[in-house]
Peer 1: 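Just dropping this structure here.
All of these numbers come straight from a predicted model, not from anything done at the bench.
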Amino acid sequence: MAANHHHHALEELNDTQKRVHRILTAAQNPLSAYEVLDKMRAKGAVTPPTVYRSLDKLIEKGLAHRLESLNAYVACKHPHHHEMAAFAICENCGLVTEFSDPNINERLSQWSEDHSFCSKKVTVEIRGLCEACSR
């Protein structure tokens with residue numbers, strides 16, 4: 001059922017949003033909105049607001065994430081809709097690994113409850129060196 005969520009969300013996208021999703025999915029590293037724009041311009045004119053609206057829609061549908069520290073976007077690698085997204089970002093090669101950890105999610109949820117804080121979205125970014133770069 002989880003994989004169906006992403007498939008169903010893709011069907012609801014317009015052609016431009018699908019193109020943006022394909023670009024993010026094919027990318028080896030996170031892309032800025034302007035890098036997405038450059039890749040889209042190869043097949044015709046497109047404006048920055050169109051790309052930003054498409055990226056916002058992908059995030060809303062759980063198909064992409066914005067990495068705040070990089071001001072860049074990645075396609076969601078998890079085939080399910082989740083409230084918390086976590087990323088390990090290599091500062092050397094740029095590798096970004098998406099992961100989920102129920103312990104982190106539980107702890108942050110507990111903190112929010114303890115402090116009467118109504119969280120809407122949680123993104124955890126860990127920066128450092130990946131296994132290959134730390135050798």
Peer 1: Dump the intermediate steps for side chain to side chain contact (heavy atoms under 4.5 Å, CB included) on Arg66 and Val74, then the final yes or no.
Peer 2: CA-CA 7 Å; Arg66 181 173 185 269; Val74 294; over 6 Å; no
Peer 1: Nearest heavy-atom pair of His21 and Leu10: which atoms, and what distance?
Peer 2: ND1-CD2, 3.5 Å
Peer 1: Counting only heavy atoms from other residues, nucleotides and ligands, does the tally under 6.0 Å from CD of Glu91 exceed 12?
Peer 2: yes
Peer 1: Looking only at heavy atoms, which two atoms of Cys133 and Cys90 are closest? And how far apart?
Peer 2: SG-SG, 3.7 Å
Peer 1: Could you check if a side-chain atom of Leu58 sits within less than 4.5 angstrom of a side-chain atom of Tyr73, using non-hydrogen atoms only?
Peer 2: no
Peer 1: How many angstroms lie between CG in Leu95 and CG in Asn29, if you round to the nearest 0.5 Å?
Peer 2: 7.0 Å
Peer 1: Would you mind reporting whether Thr123 and His65 have side-chain heavy atoms less than 4.5 Å apart?
Peer 2: no
Peer 1: More than 12 foreign heavy atoms under 6.0 Å from CG of Asp114: is that the case here?
Peer 2: yes
Peer 1: For Asn14, what residues pass the side chain to side chain contact (heavy atoms under 4.5 Å, CB included) criterion, not counting sequence neighbours?
Peer 2: Thr16, Gln17
Peer 1: Would you say that Asn105 contacts Val122 through its side chain, given a criterion of any heavy-atom pair below 4.5 Å between the two side chains?
Peer 2: no
Peer 1: Taking all non-hydrogen atoms of both residues, which atom of Cys76 and which atom of Gly62 are closest, and how far apart?
Peer 2: CB-O, 3.5 Å
Peer 1: Within a radius of less than 6.0 Å around CD of Glu68, do more than 12 heavy atoms belonging to other residues, nucleotides or ligands occur?
Peer 2: yes
Peer 1: If we only count heavy atoms from C-beta on, is the Asp101 to Val124 side-chain gap below 4.5 Å?
Peer 2: no
Peer 1: Flag yes if more than 12 heavy atoms outside Gln110 fall under 6.0 Å of its CD atom; otherwise flag no.
Peer 2: yes
Peer 1: So, do Leu55 and Leu24 sit near enough that their side-chain heavy atoms are less than 4.5 Å apart?
Peer 2: yes
Peer 1: May I ask whether Tyr52 and Val36 are part of the same hydrophobic cluster, defined by side-chain heavy atoms of I, L, V, M, F, W, Y residues being less than 4.5 angstrom apart, directly or through others?
Peer 2: yes
Peer 1: Could you tell me which non-hydrogen atom of Phe99 sits nearest to which non-hydrogen atom of Ala88, and how far apart they are?
Peer 2: CE2-N, 3.8 Å
Peer 1: Out of curiosity, does Leu63 fall in the hydrophobic cluster containing Leu67 (side-chain heavy atoms, cut-off under 4.5 Å, transitive links)?
Peer 2: no
Peer 1: Please output the side-chain donor-acceptor pairs of residues 39-49 that fall under 3.5 Å, not counting sequence neighbours, one pair per line with the distance.
Peer 2:
from: Thr47; atom 1: OG1; to: Thr50; atom 2: OG1; distance (Å): 2.9

Peer 1: One pair to check against side chain to side chain contact (heavy atoms under 4.5 Å, CB included): Leu108 and Ser119. What are the steps and the verdict?
Peer 2: CA-CA 9 Å; Leu108 292 173; Ser119 63; over 6 Å; no
Peer 1: Which heavy atom of Val51 sits nearest a heavy atom of Ala33, and at what distance?
Peer 2: CG1-O, 3.6 Å
Peer 1: Can you tell me if Glu125 uses its side chain to pair, donor with acceptor, with the backbone of Ile89 under 3.5 Å?
Peer 2: no
Peer 1: What's the shortest heavy-atom distance between Arg127 and Leu70, and which atoms?
Peer 2: NH1-CD2, 3.3 Å
Peer 1: Look up atom CD in Glu113 and atom SG in Cys118, then write down how far apart they are to the nearest 0.5 Å.
Peer 2: 11.5 Å
